[in-house]
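Every number for a ligand or one of its atoms is a count from 1 in the order of the listing.
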Amino acid sequence: MKKPFITKAQVEDIIKTYPTPFHIYDEKGIRENARNLYKAFSWNKGFREYFAVKATPNPYILKLLAEEGCGVDCSSLTELMLSECCGFKGSDIMFSSNVTPEEDYKKAYELGAFINLDDFTHIEYLDKLTGIPETIFLRYNPGGEFQVTSQIMDTPGDAKYGFTHEQMIEGIRLLMQKGAKRFGIHSFLASNTVTNVYYPKLARILFELAVELKEKTGADIKYINLSGGVGIPYTPDKEPNDIFAIGEGVHKAYDEVLVPAGMDDISIFTELGRYMLAPYGHLVTKCIHHKHIYKEYVGVDATACDLMRPAMYGAYHHITVLGKEDAPCDHKYDVTGSLCENNDKFAIDRMLPEIDTGDILVIHDTGAHGYSMGYNYNGRLRHAELLLHEDGSVQMIRRAETPSDYFRTFDFCGLLDKYIEK
Ligand SMILES: *Cc1c(COP(=O)(O)O)cnc(C)c1O
């Protein structure tokens, strides 16, 4: 069963200061999970997690993860700027981008980040722009279908990312001519995998590729970046991943492929986002309306602007009605926000306890790709982010948007000055 990390009493206390809706993150859970990841990969000397900033781009979260030893994985100029301001620099930053604008590459280069090229043509592009750094990463796309045991997990052949196999070999040769000395290789083949075999399988593919690339080009391959994709069980029936089994699976592939090839000094990197944060965030929202037409609707004060995944992917997010954890789930509801879009539903035909106006709902697993995917459709504003500290205290780590924020981009024209704070 999924249990919230906050109690009804805690929430009642919090909303005296911070009204619903809000996102809240669990410092204790985040730290423990990060420590377990590092333990699971402690067999690898240079192991490092580069947290995927896009999942939860909040400076307080980034600094917390930095304290646990994490770097950051950025893919845009503003993510680089945010990371810079949080004190990340040089090899603390992985820049894994695609369709990359010039200013993004310039910033990554200026910060001394590890640059992970998405395409063969970017070699010339970057060379003209900044020159080729001595350490450089290449993103690999093996094409076809990616299968684990008999299950097709994803189809890299349809994905826009990465170099083909041939391009990896040619790319490394060209980069060596242009002065690159040390290489990393990277691949991301399936998203939100809830299985302990994804990373080991991906690792074996990249390890075998590293051996081949070294044989064919003589390149010094120093880093293998397994990227993101380790998932979490959004539905209560699924078993969470066992990060220790995953770490051991990668270890076994390392011992079987890299060690015999004399490549036993390669550092493993990860760029996890969802796995690091998703379970440690809740969207807390209040029931403000009921509606009885052809279906039963519960209207809440959060909208898809706060959490887009259900609207965008039909994603399941578990819901707990605080104080009714043990009540029978004998009512079928659609739980909706206020957007003029029928996909603004946090749940459809969900069996829940009877919900009264004023009840507080916890929407689970919103710590990654939650707030960050938010938008402002219908002029709806995004709400605050809070951090629940280990000692039980609560800190606001992003204030709620105001109309002034929403109108800010009209500050040149005078028309909205009445609502724009100076
Ligand atoms: C999105 C992304 C990640 C993180 O993915 P998760 O599914 O959140 O683990 C890591 N690396 C790159 C390049 C990405 O685009």
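- At a heavy-atom distance under 4.0 Å, no atom of A55 approaches ligand 1.
- Side-chain N or O atoms of Y140 include none that pairs as donor or acceptor with a backbone N or O of L206 at under 3.5 Å.
- For ligand 1, the atoms sitting less than 4.0 Å from at least one non-hydrogen atom of D73 are 10 (C), 11 (N), 12 (C), numbered in the order shown with element in parentheses.
- For atom 9 (O) of ligand 1, the choice among A368, A278, G229 with the nearest heavy atom turns out to be G229.
- Counting non-hydrogen atoms of neighbouring residues, nucleotides and ligands closer than 6.0 angstrom, the CG atom of N342 reaches no more than 12 such neighbours.
- Heavy-atom contacts of S227 reach the following atoms of ligand 1: 10 (C), 11 (N), 12 (C) (cutoff under 4.0 Å).
- Residues F137 and F269 form a side-chain contact, since some pair of their non-hydrogen atoms from C-beta on lies under 4.5 Å apart.
- Counted by atom type alone, T270 and E49 present one or more donor-acceptor pairs between their side chains at under 3.5 Å.
- Not a single heavy atom of Y275 sits under 4.0 Å from any atom of ligand 1.
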Take D334 and F346 through the side chain to side chain contact (heavy atoms under 4.5 Å, CB included) test and state the conclusion after the steps. CA-CA 8 Å; D334 280 15; F346 294 112; over 6 Å; no
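- Of all the atoms in ligand 1, the ones that sit under 4.0 Å from a non-hydrogen atom of S96 are 13 (C).
- Residue G273 has at least one heavy-atom neighbour below 4.0 Å for each of these atoms of ligand 1: 4 (C), 6 (P), 8 (O), 9 (O).
- For atom 2 (C) of ligand 1, the nearest non-hydrogen atom from the set K54, H186, R274, H369 comes from K54.
- Closest approach of Y254 to M263, counting heavy atoms only: OH-O, 4.1 Å.
- Protein heavy atom at the shortest distance from atom 13 (C) of ligand 1 is E271 OE1, 3.5 Å.
- Annotation for ligand 1: atoms under 4.0 Å from non-hydrogen atoms of R139 are 13 (C).
- Atom CG in L138 sits 10.0 Å away from atom CD in Q167 (nearest 0.5 Å).
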